[in-house]
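Proteins get letters first, then strands, A, B, ... in listed order; numbering begins at 1 in each.
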There are 2 protein chains.
Amino acid sequence: MTTIRDVARHAGVSFKTVSRVINGEPAVRKEMRERVQVAIRELGYQPTLAARQLAGHKSYIISLIAPRVAASYIARIMIATAAECRAVGYHLNMEVIDVAHDRDPVESDDKVSFSVKPDAVILIPPFADHAGLIGQIESEGLPLVRIAAVGGGYGTRLAVNDENITVALIEHLLELGHRRIGIVAPASPKLASQTRVLGYRRALLAAGITPDPALEVRGDFTFASGAAAATQLMALPQRPTAIFAASDDMALGVMAEAQRLGYRIPDDLAVAGFDDSPQSRLVYPALTTVFQPIAEMARAAVHAAIGRELENFHVRHELRLRGSTTGDRSLCLSQADF
Amino acid sequence: MTTIRDVARHAGVSFKTVSRVINGEPAVRKEMRERVQVAIRELGYQPTLAARQLAGHKSYIISLIAPRVAASYIARIMIATAAECRAVGYHLNMEVIDVAHDRDPVESDDKVSFSVKPDAVILIPPFADHAGLIGQIESEGLPLVRIAAVGGGYGTRLAVNDENITVALIEHLLELGHRRIGIVAPASPKLASQTRVLGYRRALLAAGITPDPALEVRGDFTFASGAAAATQLMALPQRPTAIFAASDDMALGVMAEAQRLGYRIPDDLAVAGFDDSPQSRLVYPALTTVFQPIAEMARAAVHAAIGRELENFHVRHELRLRGSTTGDRSLCLSQADF
DNA sequence: CTGAAAGCGCTTACAG
DNA sequence: CTGAAAGCGCTTACAG
């Protein structure tokens with residue numbers, strides 16, 4: 001294996017100088033630096049992370065703790081975080097937790113381990129507010145970034161507020177003439193996505209409509225829960241003419257169930273979701289939804305995790321108005337944003 | 001930080017004995033072993049991976065090299081691999097490569113790095129046959145597992161052959177009375193999924209139908225390419241009454257385009273896909289498709305990577321017959337398999 | 001079955 | 001701007 005000493009010999013400098021070049025330390029003459037860089041390239045040298053970590057107390061590893069679920073939101077965060085880590089010279093350690101088995105990620109045998117000694121940890125929903133994990137990470141003394149966290153506590157919170165964009169989405173439905181608009185709301189109160197419910201209510205009130213509790217049904221972000229909500233809402237004495245679901249998967253459940261019951265989308269029922277997931281484009285009619293800048297959030301999280309400033313960071317939501325509300329009959333052929 | 005010496009002191013043994021217990025070496029008295037294990041638990045000790053790696057030439061890290069694409073197939077492999085790594089006491093290092101920018105993962109600045117010194121590497125499509133990457137991994141002397149690889153060469157090949165299950169799927173369409181069956185085939189010849197085309201042709205021939213080249217259209221696994229294929233196929237003088245797409249995303253493109261053109265599914269056109277992706281269940285009617293045991297393949301890959309035997313390993317494909325061919329009007333409410 | 005020595009490939013202070 | 005010493009937390013041989 002090529003080591004720092006091989007590079008030093010090849011470049012005719014002390015191995016310490018090589019170390020300085022690798023770490024971008026200023027105190028190296030330009031000529032030396034270039035000589036070392038040539039040697040590194042010629043030998044194909046890659047510093048051993050483990051040695052750097054042991055000596056320098058820095059691992060260049062970030063751990064992402066994610067649930068083992070099929071949600072595209074999770075997959076998109078995972079991929080974007082991994083890509084961003086690479087971009088800044090870090091490595092991503094993925095810790096995937098099986099939430100289905102209901103094991104405590106802190107206390108069970110299968111608990112999350114920090115033996116890779118990451119430089120920082122990123123937590124995403126539904127763990128962003130998991131007190132046990134947060135406590136464990138704090139006691140390990142690890143920097144923490146919590147994406148879409150609601151509560152305070154240890155760590156940097158990357159808060160998202162979906163209220164305003166949801167207001168805009170509901171206004172779109174109101175402009176189309178809908179007055180009875182149902183919502184499939186997040187069941188768990190401790191989620192950032194609750195701001196979507198606030199936006200829904202605010203938009204209705206602003207239009208002079210009193211939110212009807214019968215039109216608010218809970219879901220757990222799955223397709224099945226969206227379908228069940230649709231069954232319930234469409235059975236109401238005064239059924240809604242539009243339904244907003246707090247996630248695309250639930251919205252697709254609403255759409256499918258409505259179609260199964262014989263309603264046409266959007267003629268009989270308009271449907272809107274949230275996430276701009278890849279699957280929101282795969283149905284006919286395509287689903288109206290809200291684009292969340294997941295890649296940018298992942299970038300921000302990685303930068304926050306390693307203590308770098310990120311310039312030009314804006315969490316810019318965007319309405320994606322499509323056939324499921326507008327009646328537009330074209331397909332969505334562009335690739336999904338990441 | 002708690003080190004091996006702290007544990008030794010706490011347990012009243014030499015630190016070498018602790019090391020032996022951690023590594024499960026046999027030469028330790030049962031009593032000693034238990035004493036050490038208690039100390040480890042009491043102190044919450046977790047051995048530093050970097051130190052073990054440096055001293056023992058073993059990192060307990062597996063690298064997965066994956067493309068940065070939105071395909072659920074990729075996300076499912078990623079998640080399953082990460083979960084399996086955890087299960088066997090390893091850590092997953094994710095290297096996500098931006099294929100969109102067309103940068104060479106071996107030669108570009110952004111090339112894949114092995115500075116984490118993984119114990120093994122796992123390659124998935126479309127990299128499973130990437131000669132450059134395979135060569136790099138071989139020259140690093142790293143064990144390699146290639147999931148769904150086609151060609152020979154360095155590394156353990158986890159081959160999949162989809163021919164037989166595709167035959168079964170086409171037979172299902174034939175039984176429904178379809179005689180003109182179109183296919184959206186993989187464009188790239190170097191993919192394991194080409195076995196799906198072989199199965200398609202074999203099933204037709206077995207039924208006494210000569211495959212019609214006009215009914216074979218190429219796609220690149222995206223929704224858009226499926227939609228384009230449908231446009232083309234449905235414009236044929238003798239249009240097909242059923243279309244099999246070699247991936248679910250392409251099948252959904254076929255379905256959406258057909259619906260847009262006013263055809264009813266499956267009355268006017270039956271559609272079938274491949275993957276049993278989560279999104280295959282999110283549409284109405286639900287998509288007939290083939291379940292691929294991705295989680296089991298990931299398990300097998302991880303075990304092969306670390307040189308362990310995996311008992312009871314079967315790549316068991318399964319037909320998932322749903323409304324897009326059968327006309328069944330129920331929704332698919334169970335969670336997707338992983 | 002248990003222990004003391006050497007060393008993995010680097011970085012961190014500290015000199016010059 | 002550059003170098004020689006010490007040490008990060010472990011495992012690998014080698015003794016006993």
Practice problem: Let me know the distance between CZ of A:Phe114 and P of D:dG9, rounded to the nearest Å. | Solution: 19 Å
Practice problem: Decide yes or no for A:Val13 and A:Met32: does some side-chain heavy atom of the first lie under 4.5 Å from some side-chain heavy atom of the second? | Solution: yes
Quiz prompt | Below 4.0 Å: OP1/OP2 of C:dG9 and any side-chain N or O of A:Thr48 | solution = no
Practice problem: Among the candidates D:dT11, C:dT2, C:dT11, find the nucleotide nearest to the side-chain atoms of B:Arg20. | Solution: C:dT2
Quiz item: Could you give the distance from SG (B:Cys85) to CG (A:Asn93), rounded to the nearest 0.5 Å?
Solution: 9.5 Å
Quiz item: Taking CG from B:Leu49 and P from C:dC10, how many angstroms apart are they, rounded to a whole number?
Solution: 17 Å
Quiz item: Quick check: does any side chain N or O of A:Arg68 sit under 3.5 Å from a backbone N or O of A:Val96, one acting as donor and the other as acceptor?
Solution: no
Quiz item: Does a side-chain N or O from A:Ser14 land closer than 4.0 Å to OP1 or OP2 of D:dA4, or not?
Solution: no
Quiz item: Quick one: B:Asn23 CG to D:dT12 P, roughly how many Å, whole number?
Solution: 7 Å
Self-check item: By side-chain contact (heavy atoms from CB on, under 4.5 Å) - contacts of B:Asp129 (at least two apart)
Solution: B:Arg146, B:Ala149, B:Val150, B:Lys190
Quiz item: Quick one: which of C:dT2, D:dC8, D:dA4 gets closest to the side chain of B:Val28?
Solution: C:dT2
Quiz prompt | Rounded interatomic separation in angstrom, taking CD from B:Gln46 and C1' from D:dC10 | solution = 15 Å
Practice problem: Report the distance from atom CZ of B:Phe15 to atom P of C:dG7, rounded to the nearest whole Å. | Solution: 15 Å
Practice problem: Report the secondary structure of DNA chain D in dot-bracket form, marking unpaired bases with a dot and bases paired to a different strand with |, and treating Watson-Crick or G-U pairs with both distances under 3.5 Å as paired. | Solution: |||.||||||||.|||
Quiz item: Considering heavy-atom distances to DNA chain C, does B:Met32 or B:His57 have its closest nucleotide positioned more toward the 5' end?
Solution: B:Met32
Practice problem: Look at B:Glu296 together with B:Arg316 and state whether they make a salt bridge at an N to O cut-off of under 4.0 Å. | Solution: yes
Quiz item: Any idea which heavy atoms bring B:Val88 and B:Arg308 closest together, and the distance?
Solution: O-NH2, 3.6 Å
Quiz item: Can you tell which of D:dC10, D:dT2, C:dC10 lies closest to the side chain of A:Arg5?
Solution: C:dC10
Quiz item: Counting just side-chain N and O atoms, does B:Arg29 come under 4.0 Å of either OP1 or OP2 of C:dT2?
Solution: yes
Quiz item: For DNA chain D, whose closest nucleotide is more 5', that of A:Gly56 or that of A:Gly12?
Solution: A:Gly12
Quiz item: Which nucleotide, C:dA4, C:dC10, C:dG7, lies nearest any side-chain atom of B:Ala55?
Solution: C:dG7
Quiz item: Counting side-chain heavy atoms from CB outward, which of D:dT11, C:dT12, D:dG7 is closest to A:Glu25?
Solution: C:dT12
Quiz item: To the side chain of A:Leu54, which of C:dT11, D:dG3, D:dG9 is closest?
Solution: D:dG9
Practice problem: Could you state the atom-to-atom distance from NZ of A:Lys16 to P of C:dT11 in whole Å? | Solution: 7 Å
Self-check item: Short side-chain N/O contact to D:dG9 OP1/OP2 from B:Tyr45, under 4.0 Å
Solution: no
Quiz item: Are any side-chain N or O atoms of A:Ser59 and backbone N or O atoms of A:Ile61, one a donor and one an acceptor, separated by less than 3.5 Å?
Solution: yes
Quiz item: To the nearest Å, how far apart are B:Gln53 CD and C:dG9 P?
Solution: 11 Å
Quiz item: Is any side-chain N or O of A:Thr3 closer than 4.0 Å to OP1 or OP2 of C:dG9?
Solution: no
Exercise. Keeping to residues at least two apart or across chains, list the ring pair (Phe, Tyr, Trp, His ring centres under 6.0 Å) pairs with something in residues 46-79 of chain B.
Key: B:Tyr60-B:Tyr90
